[in-house]
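Okay, so here's the structure we're looking at.
Here is the naming used below: chain letters follow the sequence lines, and residue numbers restart at 1 for every chain. Please read these numbers as outputs of a predicted model, since none were measured by experiment.
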Amino acid sequence: MISEPSPSTAKDAKTGKAGRERFLLLRTGSGLNAIPVRRVRRVRRNLLLHPVPGSDARLVGLAQHRGEPLTVLDLGVLVDGDEQLSEGQPITVVARAGAAENPETIGLAVDEAVDLVTIDEATITVLSEGLVAGETVVGSELVRILDLGALGEAP
Amino acid sequence: MAMPWLILRSGGCLWGVPGADARVIRDALGVHVLLGDSCLHGDEILTLDRRLQVRPAGPVVRSMLPRGCSGLALSEYGPLLVVDPARPPEALAKGAQT
């Protein structure tokens, strides 16, 4: 388990080397996902969640983070569609989603925050399929590169 | 004076209902909030909050919330969904199920 990245860490996400960027690896029911560290604000464990009746499977519930209401989404469902492969995810990643110039703070419920890694962009196979921007291999595992900027865009 | 918000508990969730033009009826089944042409059903009204700070939902959050929710807020009872009075959520209009 990684420690919580601080806001200052998130601001310093770029490694400074051209074509390389720091990512946070997150495990969901169907595999590993990577989001840029610059999008990550905090990693929370066992956040108290309030379910929302009548919501679709993507919305896990509401929570509070630093005195503000927080919408918590199921990252596995966001990536895999309606397929809900795990429940009761213990980890919530507080992240910035949407357009870079006007980001929104959301929570992403995942099974595990695995590691911080540096990924060379040259190793990424670009997919540009909405949230999943590409794929790469870290260690021996396939990792989906997620573009949180694509959330909220019209399909 | 700031607009009052009814903090309604329904189906295990909290809702913020604009209270200025709302009428509340209580009976054995719970509470019913008459809001324009709609009747919202809930378990109880927790309070009337004049200091609720509503956070309008941006495109990302709005696309994930049930229809009829215009934003979020944090009340003394916890986080809540803000009801759009022009088109209240179906879950409330039908009576939210736990």
Side-chain angles (χ1 to χ4, degrees), chain A residues 35 39 41 44 47-79 81-82 84 92-109 130-131 146-155, chain B residues 5 7-17 30-31 33 38-44 46 49 51-84 87-98:
Chain A
I35 60 175
R39 289 274 188 177
R41 303 302 304 274
R44 302 280 306 265
L47 198 60
L48 179 61
L49 293 173
H50 304 262
V52 175
S55 62
D56 68 35
R58 298 175 300 174
L59 179 59
V60 179
L62 304 180
Q64 57 176 300
H65 173 68
R66 294 189 164 184
E68 292 288 330
L70 182 71
T71 305
V72 180
L73 310 175
D74 186 323
L75 184 62
V77 175
L78 286 173
V79 172
D82 291 334
Q84 192 167 18
T92 301
V93 178
V94 181
R96 289 183 162 190
E101 63 272 14
N102 190 23
E104 298 173 55
T105 301
I106 60 166
L108 297 169
L131 180 60
L146 305 184
D147 175 15
L148 296 184
L151 279 179
E153 291 178 351
Chain B
W5 291 86
I7 309 302
L8 176 69
R9 185 171 65 80
S10 182
C13 183
L14 299 180
W15 306 82
V17 181
V31 296
V33 180
S38 302
C39 182
L40 314 181
H41 306 280
D43 303 314
E44 60 177 330
L46 296 175
D49 192 334
R51 292 184 296 183
L52 195 69
Q53 296 194 352
V54 173
R55 309 294 188 219
V60 175
V61 171
R62 191 166 52 242
S63 69
M64 304 295 170
L65 296 180
R67 288 186 177 183
C69 298
S70 58
L72 305 171
L74 188 60
S75 74
E76 61 180 303
Y77 298 95
L80 58 80
L81 292 167
V82 173
V83 170
D84 178 356
R87 192 179 60 173
E90 286 186 14
L92 272 183
K94 292 177 180 174
Q97 303 295 313
T98 49

So what's closer than 4.5 Å to chain B heavy atoms on [X]: side chain, backbone, both or neither?
X: A/Leu151; value: both
X: A/Leu48; value: neither
X: A/Ala99; value: neither
X: A/Ile106; value: side chain

Closest heavy-atom pair and its distance - [X], [Y]:
X: A/Glu104; Y: B/Val60; result: OE2-N, 2.8 Å
X: B/Leu72; Y: A/Thr71; result: CD1-OG1, 3.1 Å
X: A/Pro53; Y: B/Ala91; result: O-CB, 3.8 Å
X: A/Arg58; Y: B/Ser63; result: NH2-O, 2.9 Å

Check whether more than 12 heavy atoms from other residues, nucleotides or ligands sit under 6.0 Å from atom CD of B/Gln53, and answer yes or no.
no
Need one label for B/Leu14: side chain, backbone, both or neither, based on atoms under 4.5 Å from any heavy atom in chain A.
neither
Residue pair A/Leu78 / B/Met64, side-chain heavy-atom distance below 4.5 Å
yes
Can any side-chain N or O of A/Gln64 pair as donor or acceptor with the backbone N or O of B/Leu74 at less than 3.5 Å?
no
